[in-house]
Amino acid sequence: MGALKVHQNLVDEKTAEEMCSLCPFGAITYEDGKLDIGAGCRMCKICVKKGVPGVITYEEDKSPLVDKTQWNGITVYAENEEGRIHPVTYELIGKARELAAVNGQQVYVLLIGNGLEKAEEELLHYGVDCVFSYEDAELTEFAAALYADVVEDFVTRVQPSVMMFGATMKGRSLAPRAAARFRTGLTADCTILEMKENTDLIQIRPAFGGNIMAQIITPNSRPQFCTVRYKVFSAPKRNEAVSGAVKKMDVPREKMSSGIQVLDRIEKPREIDIADADTIVAVGRGIRSRNDLAMAAELADLLNAQLACTRPLIEAGWFDAKHQIGLSGRMVKPKLLITLGISGSVQFVAGMRAAECIIAVNSDKNAGIFDTAHYGIVGDLYEVLPVLLRHLKGGAR
């Protein structure tokens, strides 16, 4: 890692004009006799390679390298509420076991809250080596700053190499706060994780609107923090026998102070999340009008399925955002997914490609969705869907 440095003593107006014109991102500016590199810089280093020699240079980071041998273990933060463990926790445990097998690390679980006995015992059925449990009445309600203090205490005492969080509302609030305590990196919404022999975690996530897959590593600091969306990885099967151990951690009393106090909790009506659905009918821009959604809704009812959509239909105001599949929506992994009039953009496919069976209906035989679908029907959905509905109702052709 390193940074670009501007040598102002070599800058005049002609040089500045040349350097500014080189940057394809418009990140180099010249104002009041000063050449500056702004936040738009993408570190392409064209200014260093093709610019006036010496004006802008790339300076390597001279900070000392972390002793990686002092940091061991892959830790999963177990999000829980009233004894219920969020399913993403099990998915992360499954991935942590795969990563740990590369170089013989152990798999830990960090549990924070109150009344954790049931959760502690349940986690031992999933092949973890140790559950570190911080239990205190002050931790009954989730408070990001207070929980970050506990994570800080855990990392300081245990020194894990990797910290994995679910990309839930709580995980997205807690992970960056904890990472900031150790001045280390955090990669959000990872879709692929791989482990190097030297314990560097390769964190892969979509970037630039899903058009590229960025590979990110944190080679010079520990721990390595990442968040992962629900339904990206597969959860391991529950073992009947327990393994591993539970270690009760003392909660530092000086940490048990927060400027936030929870006065009351009001439960909102629970709705079925498309991320949990076994069967989904998804519609795209092939639907011509909002009224035509009734056909898709009828198909969903007959299949006991959830109705979902692509981003354009959210922007059109036809659906609530919680029904969107894709990188900017929900990640889904149903047993059956039927897509109607969906072309198959990179962003959409990334959110549903793990479905067990995908049936696509599209009038364009070259549509990208057919590259992912297990079964494809080339045809107008306004002709295909009525026939399908009649068959499902037991009618004639």
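Values in this document were obtained by computation on a predicted structure and should not be read as measured data. Residues: numbered from 1 along the sequence shown.
For the atom pair Leu381 CG and Leu388 CG, the distance stands at 11.0 Å (nearest 0.5 Å). Within the model, atoms OG1 of Thr199 and CG of Asn72 stand 7.0 Å from one another, a figure rounded to the nearest 0.5 Å.
A side-chain donor from one of Ser328 and Gln324 sits under 3.5 Å from a side-chain acceptor of the other. If you check the side chains of Glu120 and Ser133, you find a donor sitting under 3.5 Å from an acceptor. For the 3.5 Å distance criterion, the side chains of Asn291 and Ser289 fail to qualify, holding no donor opposite an acceptor. Under the 3.5 Å distance criterion, with hydrogens and angles disregarded, no donor-acceptor pair is assigned to the side chains of Asp153 and Thr156. In the model, Asn362 has no side-chain atom that pairs as donor or acceptor with a side-chain atom of Asp364 under 3.5 Å. In the model, Tyr77 has no side-chain atom that pairs as donor or acceptor with a side-chain atom of Glu79 under 3.5 Å.
Salt-bridge formation is detected for the pair Lys95/Glu98: a Lys NZ or Arg NE/NH1/NH2 atom is positioned less than 4.0 Å from an Asp or Glu carboxylate oxygen. With salt bridges taken as basic N to acidic carboxylate O contacts below 4.0 Å, none links Glu356 and Lys335. Between Arg97 and Asp129 there is no salt bridge, since no side-chain N of the basic residue sits under 4.0 Å from a carboxylate O of the acidic one. Look at Glu122 and Arg238 and you find a salt bridge, because one of the NZ, NE, NH1 or NH2 atoms lies within 4.0 Å of a carboxylate O, short of that distance. Taking the charged nitrogens against the carboxylate oxygens, Lys322 and Asp273 have no contact shorter than 4.0 Å, which rules out a salt bridge. Arg288 has a carboxylate O that lies under 4.0 Å from a charged side-chain N of Asp380, or vice versa, which qualifies the two as a salt bridge.
Cation-pi geometry between Lys45 and Tyr58 is met: under 6.0 angstrom from the ring centre, within 45 degrees of the axis. For the pair Arg172 and Phe165, the cation-pi test (distance below 6.0 Å, angle within 45°) is failed.
One hydrophobic cluster holds both Val162 and Val107 under the rule that ILVMFWY side chains link at heavy-atom gaps under 4.5 Å. Under a hydrophobic clustering in which Ile, Leu, Val, Met, Phe, Trp and Tyr are joined whenever their side-chain heavy atoms come within less than 4.5 Å, directly or via other members, Met352 and Ile280 fall into the same cluster. In this structure, Phe348 is not a member of the same hydrophobic cluster as Leu336, with clusters built from ILVMFWY side-chain heavy atoms closer than 4.5 Å.
Considering every non-hydrogen atom in both Leu146 and Glu138, the closest pair reads CD2-O, 3.6 Å.
In this pair, Phe154 and Tyr134 present their aromatic rings perpendicular. The plane angle is above 60°, beyond the 30 to 60° band.
Few gaps surround CZ on Arg205; more than 12 heavy atoms of other groups in view lie less than 6.0 Å from it. Under a cut-off of 6.0 angstrom, the local environment of NZ in Lys248 is crowded, with over 12 non-hydrogen atoms contributed by other residues, nucleotides or ligands.
Counting only distance, with no hydrogens or angles, the side chain of Asn80 and the backbone of Ile112 share a donor-acceptor pair below 3.5 Å. Here the side chain of Glu91 pairs a donor or acceptor atom with the backbone of Lys231 at under 3.5 angstrom. At distances below 3.5 Å, not a single donor-acceptor pair connects side-chain atoms of Asn239 with backbone N or O atoms of Ala241. When atom types are taken as modelled, the side chain of His374 and the backbone of Ile359 share no donor-acceptor pair closer than 3.5 angstrom. Checking side-chain atoms of His7 against main-chain N and O of Asn9 turns up no donor-acceptor pair under 3.5 Å. With hydrogens and angles ignored, the 3.5 Å screen pairs no side-chain donor or acceptor of Glu197 with any backbone N or O of Asn103. Checked by atom type and distance alone, the side chain of Arg177 pairs as donor or acceptor with a backbone atom of Ser173 at under 3.5 Å. A distance-only check finds a donor-acceptor pair linking the side chain of Thr89 to the backbone of His86 [under 3.5 Å].
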